Q: 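Can you read through this structure? Questions will come right after.
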Amino acid sequence: METRLQRAAHLLDVPHLVVFTGAGMSKDSGLDTFRDADGVWSRNAPEDYASPEGFRRNPRAVWRWYLERRKQILAAEPNAGHKAVAALEQLLPRVTVITQNIDGLHQRAGSRRVLELHGSVHRYKCSKNCRGVPTLTPTPELDQTEPLPCPYCGALTRPDVVWFGELLPAEVWEAAIREISACEAVLVIGTSGQVEPAASLVWRARDRGKSLVEINPAPTLINGIAEVVLPGTAAEMTPALLAALVALHAAD
Ligand code: NAD
Ligand code: ZN
């Protein structure tokens, strides 16, 4: 009899796979999720730290909060789950990661095609979006405890992340839609499915008949539409799934 892992491996053994990830992906790297009981929002009010209004009210506090998160992220390491996702590229012709995370851990683990829906803590941009959105990579000068003025217009710089009430970067969003339309299967890891429009990509995939496999230790909004749910953490379940795919290929 086929195990759940083997069934998941069969469904994901496709020419073009999308891996859709959320904060749970990085939990095993020691980075907190947002909405879980012990998550970031249990300690900080989102409207204070992740909204344009919060930044206008207190740019310095928001800047420092992101500096602190960036420091934690730089001190963290990709976990076995990120590494297994990167290793999928050795097995399948095309793998695209679409992530809600802003930590850059997929790239550090070696994933080559990563779409960051919510931006990155490793870039800054002008808070007035002058000149389109030229992004600035952190330098010792930019990494001060005060936001520096934009080099072009003098408005304050801010982290290049998507805050509540803001639109997703159009190019990245359009690329994500194209990937979802073109792929045959989606592996969803560590997302509650509550953040829109990101989560709608999963429903879009379902509506287009793509295979869906989900890894999450807790129930989510996506459970009901996934063909296989692998209950477990990213760091334990993703390598197990990779091993099942390797075994499948070896048997061919
Ligand atoms: P969320 O906090 O809403 O949900 C996290 C999910 O992860 C939950 O379903 C939970 O059951 C699951 N989870 C917890 N531990 C896990 C583990 N070890 N392995 C796998 N799954 C686990 O997060 P979300 O759905 O990603 O919400 C999106 C928002 O959170 C985004 O805006 C994203 O930018 C932001 N965020 C990013 C980071 C990061 O970059 N590391 C961290 C926190 C939040
Ligand atoms: Zn500017």
Side-chain angles (χ1 to χ4, degrees), residues 19-44 46 49-51 65-66 69-70 72-74 76 78-82 84-85 98-108 114 116-122 124-136 147-166 168-169 172 187-202 214-223 226 229-241:
V19 184
F20 179 73
T21 68
M25 184 83 228
S26 297
K27 172 85 175 168
D28 296 319
S29 294
L31 301 176
D32 283 335
T33 59
F34 276 5
R35 281 166 198 77
D36 295 320
D38 59 348
V40 175
W41 295 148
S42 63
R43 296 187 300 277
N44 305 105
Y49 292 95
S51 76
W65 189 70
Y66 275 95
R69 290 198 62 202
R70 200 168 99 75
Q72 287 167 8
I73 285 166
L74 288 173
N79 64 59
H82 294 106
V85 168
I98 303 179
T99 188
Q100 298 164 84
N101 296 345
I102 57 175
D103 55 33
L105 289 178
H106 280 298
Q107 294 91 325
R108 275 172 60 196
V114 181
E116 295 177 310
L117 292 178
H118 294 160
S120 169
V121 77
H122 305 296
Y124 298 128
K125 66 178 184 183
C126 171
S127 59
K128 293 258 190 297
N129 269 347
C130 74
R131 300 191 171 208
V133 194
T135 52
L136 310 162
L148 287 182
C150 164
Y152 309 110
C153 76
L156 292 180
T157 43
R158 56 162 275 188
D160 188 11
V161 299
V162 176
W163 283 333
F164 291 100
E166 294 187 318
L168 271 52
V172 178
L187 169 61
V188 181
I189 310 176
T191 179
S192 63
Q194 290 180 40
V195 178
E196 295 295 354
S200 72
L201 291 171
V202 179
E214 184 184 26
I215 295 177
N216 200 305
T220 72
L221 296 174
I222 296 158
N223 277 178
V229 178
L230 301 170
T233 69
E236 67 194 18
M237 223 32 115
T238 324
L241 180 58

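Note that these values count all heavy atoms, side chains included, but never hydrogens, waters or copies made by symmetry. Keep in mind that what you see is a predicted model, and the values were worked out from it rather than measured. First listed ligand is number 1; within each ligand, the first listed atom is number 1.
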Q: Quick one: look at D32 and ligand 1, take heavy-atom pairs under 4.0 Å, and tell me if it's side chain, backbone, both or neither.
A: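 Backbone only.
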Q: Where do P169 and L117 come nearest, in terms of heavy atoms and distance?
A: CD-O, 3.4 Å
Q: P217 to ligand 1: N or O pair under 3.5 Å?
A: no
Q: Numbering the atoms of ligand 1 from 1, which are under 4.0 Å from a heavy atom of G22?
A: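 The list of qualifying atoms is 26 (O).
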Q: Taking all heavy atoms of T157 and all of L148, pick out the closest pair and write down the distance.
A: OG1-O, 2.6 Å
Q: Is S192 in polar range of ligand 1, meaning some N or O pair under 3.5 Å apart?
A: yes
Q: Do you know which two heavy atoms are closest between P147 and L156, and how far apart they sit?
A: O-CD2, 3.9 Å
Q: Are C153 and C126 packed together at the side-chain level, in the sense that at least one heavy-atom pair is separated by less than 4.5 angstrom?
A: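 Yes. Closest side-chain heavy atoms under 4.5 Å.
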Q: May I ask you to check whether L31 has an N/O atom sitting below 3.5 Å from an N/O atom of ligand 1?
A: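 Not met; the criterion fails.
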Q: Hey, is ligand 1 close enough to I215 that some N/O pair sits below 3.5 Å?
A: no
Q: Would you say M25 has any N or O atom under 3.5 Å from an N or O of ligand 1, going by distance alone?
A: no
Q: Side chain, backbone, both or neither: which applies to V195 and ligand 1 if a contact is any heavy-atom pair less than 4.0 Å apart?
A: side chain
Q: On the ring face of W65, is R70 found with NZ or CZ under 6.0 Å from the centre and within 45° of the axis?
A: no
Q: Do D160 and S120 pair up side chain to side chain, a donor and an acceptor below 3.5 Å, judged on atom types alone?
A: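 Distance-only check fails for D160 and S120.
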Q: Purely on distance, is any nitrogen or oxygen of Q100 under 3.5 Å from one on ligand 1?
A: yes
Q: Which of the listed options, Q194, E214, H118, E116, holds the heavy atom that is closest to atom 32 (O) of ligand 1?
A: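 Comparing heavy atoms across Q194, E214, H118, E116, the nearest one to atom 32 (O) of ligand 1 lies in H118.
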Q: Is it the case that ligand 1 has an N or O less than 3.5 angstrom from some N or O of R69?
A: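 N/O-N/O distance under 3.5 Å: no.
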Q: Using side-chain heavy atoms (C-beta onward) and a distance below 4.5 Å, is V195 in contact with F164?
A: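 They are not in contact (no side-chain heavy atoms under 4.5 Å apart), so the answer is no.
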Q: For L105, is the nearest heavy atom under 4.0 Å from an atom of ligand 1?
A: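 For ligand 1, residue contact (heavy atoms, under 4.0 Å) with L105 is absent.
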Q: Which atoms of the protein, restricted to N, O or S, are nearer than 2.8 Å to the Zn ion (ligand 2)?
A: C126 SG, C130 SG, C150 SG, C153 SG
Q: Let me see the working for E236 and K27 under salt bridge (charged side-chain N to carboxylate O under 4.0 Å, His left out), right down to the final yes or no.
A: CA-CA 12 Å; E236 67 194 18; K27 172 85 175 168; over 6 Å; no
Q: Is the H82 ring parallel, tilted or perpendicular to the H106 ring (thresholds 30°, 60°)?
A: perpendicular
Q: What atoms of ligand 1 come within less than 4.0 Å of a heavy atom belonging to A218?
A: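 Under 4.0 Å from A218, ligand 1 has these atoms: 11 (O).
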Q: Would T99 and T21 count as a side chain to side chain donor-acceptor pair (under 3.5 Å) if you check the C-alpha gap in whole Å, the side-chain angles of each, and the deciding distance to 0.1 Å?
A: CA-CA 5 Å; T99 188; T21 68; 2.7 Å; yes
Q: A side-chain contact here means heavy atoms from C-beta on lying under 4.5 Å apart; do L241 and L187 qualify?
A: yes
Q: Could you report the tightest heavy-atom contact between K128 and A155, atom names first, then the distance?
A: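 Scanning both residues, the minimum pair turns out to be CG-CB, 3.3 Å.
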Q: Indicate yes or no: does an N/O atom of G190 lie under 3.5 Å from an N/O atom of ligand 1?
A: yes
Q: Judged on heavy-atom distance to atom 37 (C) of ligand 1, which of T33, T233, N101, L168 sits nearest?
A: N101
Q: Would Q72 count as a contact of ligand 1 if the rule is a heavy atom under 4.0 Å away?
A: no
Q: What closest approach, in Å, do I189 and A234 show between heavy atoms, and which atom pair accounts for it?
A: CG2-CB, 3.8 Å
Q: Answer yes if the side chains of T191 and Q100 hold a donor-acceptor pair under 3.5 Å, and no otherwise.
A: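 Yes.
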